[in-house]
S.K.: 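The following block contains the structure, expressed as structure tokens.
Keep in mind it's a predicted model, so treat the numbers as computed, not measured.
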Amino acid sequence: MVVLCAVFGVCSPAWADEVAVAVAANFSAPMRQIADEFERASGHHVRLSPGATGALYAQIKNGAPFDLLLAADDETPARLEREGNAVAATRYTYAIGKLVLWSAKPGVVDDKGGVLRQGNFERLAIANPKTAPYGEAAVEALTRLGLHTGLQAKLVQGNSIAQAYQFVASGNAELGLLALSQVWKDGALVSGSAWIVPESLYAPIRQDAVLLARGADKAAALALLQYLKGDKARAVIRAYGYGL
């Protein structure tokens with residue numbers, strides 16, 4: 001029992017606490033699974049608020065009651081730390097994201113992404129590059145491929161990577177440059193057709209977590225941050241296609 005208390009910060013339901021987590025939209029599905037496992041193991045409750053990293057940053061600066069941030073980049077947590085909104089020395093990379101070109105329909109995307117050059121589609125969905133790191137990575141990849149200018153008129157932007165995914169899943173866009181985790185689970189594509197964009201075409205998407213000032217003294221926040229570094233959480237992260 002002492003060991004459980006040390007690891008999870010809880011010894012009985014009377015000690016249970018809630019942790020509020022601002023989580024990048026691309027990581028919402030694996031985080032929900034990790035949160036469920038953490039709740040069963042610890043007795044704490046996890047409240048998730050997914051969104052674009054830039055939007056989450058703005059909410060935190062405006063006083064949103066979050067205890068942890070799981071960002072889609074490494075710059076935002078570092079900035080919050082510099083600005084005094086996060087606890088020093090708690091920031092670390094919990095996942096390395098990957099970009100994918102995806103269609104909800106089988107057979108549309110080939111294994112080299114040639115459909116982008118052929119251009120026989122009306123809309124390509126991306127996340128807003130100003131607020132979503134995966135949107136920034138999408139623009140960078142298209143630029144390095146020499147396609148960004150030519151495809152400019154076909155780009156449709158979602159406020160977050162989750163909205164960009166919805167554009168494609170609903171058929172409002174034939175293609176999307178998305179987070180691999182949105183269409184990948186247990187080592188395989190969930191549906192449709194896809195091309196995993198070579199990581200040489202965009203800067204590494206290092207996704208950092210950080211303990212926010214509001215969660216500095218909360219047992220649940222400290223326990224969840226530690227749990228994310230454990231084998232069970234890391235297995236879930238890998239299953240959704242992330243690097244570590």
Side-chain angles (χ1 to χ4, degrees), residues 23-32 50-56 71-73 95-207 237-243:
V23 57
N26 75 88
F27 198 68
S28 60
M31 189 57 207
R32 181 68 268 166
T53 293
L56 293 173
D73 64 3
I96 298 175
K98 297 179 184 179
L99 194 65
V100 67
L101 177 68
W102 181 68
S103 169
K105 297 180 180 180
V108 173
V109 180
D110 59 281
D111 60 3
K112 297 185 184 300
V115 64
L116 284 176
R117 294 193 181 278
Q118 294 163 10
N120 55 349
F121 56 90
E122 294 297 322
R123 295 182 181 87
L124 171 63
I126 65 170
N128 183 346
K130 294 181 179 179
T131 59
Y134 279 86
E136 184 178 4
V139 170
E140 185 179 0
L142 290 173
T143 301
R144 291 194 180 185
L145 288 168
L147 299 174
H148 185 248
T149 300
L151 293 178
Q152 191 80 38
K154 297 187 177 187
L155 295 181
V156 291
Q157 291 186 13
N159 293 328
S160 68
I161 200 67
Q163 188 175 49
Y165 169 83
Q166 286 301 326
F167 286 158
V168 187
S170 66
N172 288 317
E174 299 98 312
L175 299 171
L177 280 166
L178 309 171
L180 178 62
S181 59
Q182 294 173 293
V183 299
W184 192 267
K185 190 174 182 184
D186 297 330
L189 186 66
V190 175
S191 63
S193 52
W195 171 55
I196 299 176
V197 180
E199 293 176 67
S200 60
L201 293 176
Y202 56 94
I205 306 174
R206 293 188 177 90
Q207 302 195 195
I237 293 169
R238 287 193 189 93
Y240 278 86
Y242 291 97

S.K.: May I have all residue pairs that pass salt bridge (Lys or Arg N to Asp or Glu O under 4.0 Å) and include part of residues 114-140, sequence neighbours excluded?
M.R.: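 Qualifying pairs, neighbours excluded: Glu140-Arg144.
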
S.K.: Look up atom CG in Leu124 and atom NZ in Lys154, then write down how far apart they are to the nearest 0.5 Å.
M.R.: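 Nearest 0.5 Å value for the CG-NZ distance: 9.5 Å.
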
S.K.: Is the number of heavy atoms from other residues, nucleotides or ligands within 6.0 Å of CZ (Arg206) greater than 12?
M.R.: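 Atom CZ in Arg206 is not packed in, count stays at 12 or less.
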
S.K.: Rounded to the nearest 0.5 Å, what's the gap from CG on Leu180 to CG on Leu101? Could you check?
M.R.: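 Leu180 CG to Leu101 CG: 12.0 Å, rounded to 0.5 Å.
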
S.K.: Minimum heavy-atom separation for Leu189 to Ala194, with atom names?
M.R.: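 Of all heavy-atom pairs spanning Leu189 and Ala194, the closest is CD1-CB, 3.7 Å.
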
S.K.: Applying side-chain hydrogen bond (donor to acceptor under 3.5 Å, both in side chains), name anything that partners Asp110, two or more places apart in sequence or on another chain.
M.R.: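 None.
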
S.K.: Taking only residues two or more places apart in sequence or in another chain, which ones pass ring-ring contact (aromatic ring centres under 6.0 Å, His included) with Tyr242?
M.R.: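 Expected list: Phe27.
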
S.K.: Sorted by first residue and then second, give each ring pair (Phe, Tyr, Trp, His ring centres under 6.0 Å) pair with at least one member in residues 134-170; sequence neighbours left out.
M.R.: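 Listed once each, the pairs are Trp102-Tyr165.
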
S.K.: Can you run down the salt bridge (Lys or Arg N to Asp or Glu O under 4.0 Å) pairs that involve residues 168-189, sequence neighbours left out, and say none if there aren't any?
M.R.: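 Checked against salt bridge (Lys or Arg N to Asp or Glu O under 4.0 Å) - neighbours excluded - no pair reaches residues 168-189.
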
S.K.: Which pair of non-hydrogen atoms, one from Pro133 and one from Asp73, has the smallest distance, and what is that distance?
M.R.: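 Residues Pro133 and Asp73, closest heavy atoms: CG-CB, 3.7 Å.
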
S.K.: Report the C-alpha distance between Asn26 and Tyr240 in whole Å, list the side-chain angles of each, state the deciding distance to 0.1 Å, and finish with yes or no for side-chain contact (heavy atoms from CB on, under 4.5 Å).
M.R.: CA-CA 10 Å; Asn26 75 88; Tyr240 278 86; over 6 Å; no

S.K.: Rounded at 0.5 Å granularity, tell me how far CD in Gln166 sits from OG in Ser160.
M.R.: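 Here the rounded value is 9.0 Å.
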
S.K.: Which atom names give the shortest non-hydrogen contact between Ala104 and Ala169, and what distance separates them?
M.R.: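 Taking every non-hydrogen atom into account, CB-CA, 4.4 Å.
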
S.K.: Using 0.5 Å steps for rounding, measure from the CG atom of Leu178 to the NZ atom of Lys98.
M.R.: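 Result: 16.0 Å between the selected atoms.
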
S.K.: For the pair Val168 and Leu175, evaluate side-chain contact (heavy atoms from CB on, under 4.5 Å) and give the outcome as yes or no after the intermediate values.
M.R.: CA-CA 6 Å; Val168 187; Leu175 299 171; 5.9 Å; no

S.K.: Roughly how far, to the nearest 0.5 Å, is CG of Leu177 from CG of Leu116?
M.R.: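 With rounding to 0.5 Å, CG (Leu116) is 6.0 Å from CG (Leu177).
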
S.K.: Between Ile205 and Ala137, which heavy-atom pair has the shortest distance, and what is it?
M.R.: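 For Ile205 and Ala137, the tightest heavy-atom pair comes out as CD1-CB, 3.8 Å.
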
S.K.: Under 3.5 Å, which donor-acceptor pairs link side chains of residues 195-202 to any protein atom two or more places apart or in another chain?
M.R.:
from: Tyr202; atom 1: OH; to: Leu99; atom 2: N; distance (Å): 3.0

S.K.: Is it true that a side-chain atom of Thr53 and a backbone atom of Ala71 form a donor plus acceptor pair closer than 3.5 Å?
M.R.: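 Absent.
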
S.K.: To the nearest 0.5 angstrom, please state how far the CG atom of Leu142 sits from the CD atom of Gln152.
M.R.: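 Separation between the atoms: 9.5 Å.
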
S.K.: Are any side-chain N or O atoms of Ser193 and backbone N or O atoms of Lys105, one a donor and one an acceptor, separated by less than 3.5 Å?
M.R.: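 At least one qualifying donor-acceptor pair exists.
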
S.K.: For Pro50 and Ala25, work out which heavy atoms get closest and say how close.
M.R.: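 Nearest pair, atom of Pro50 first, then Ala25: CB-CA, 4.5 Å.
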
S.K.: Grab the two heavy atoms, one from Ile237 and one from Ala95, that are nearest each other, plus how far apart they are.
M.R.: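 Looks like CG2-CB, 3.9 Å.
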
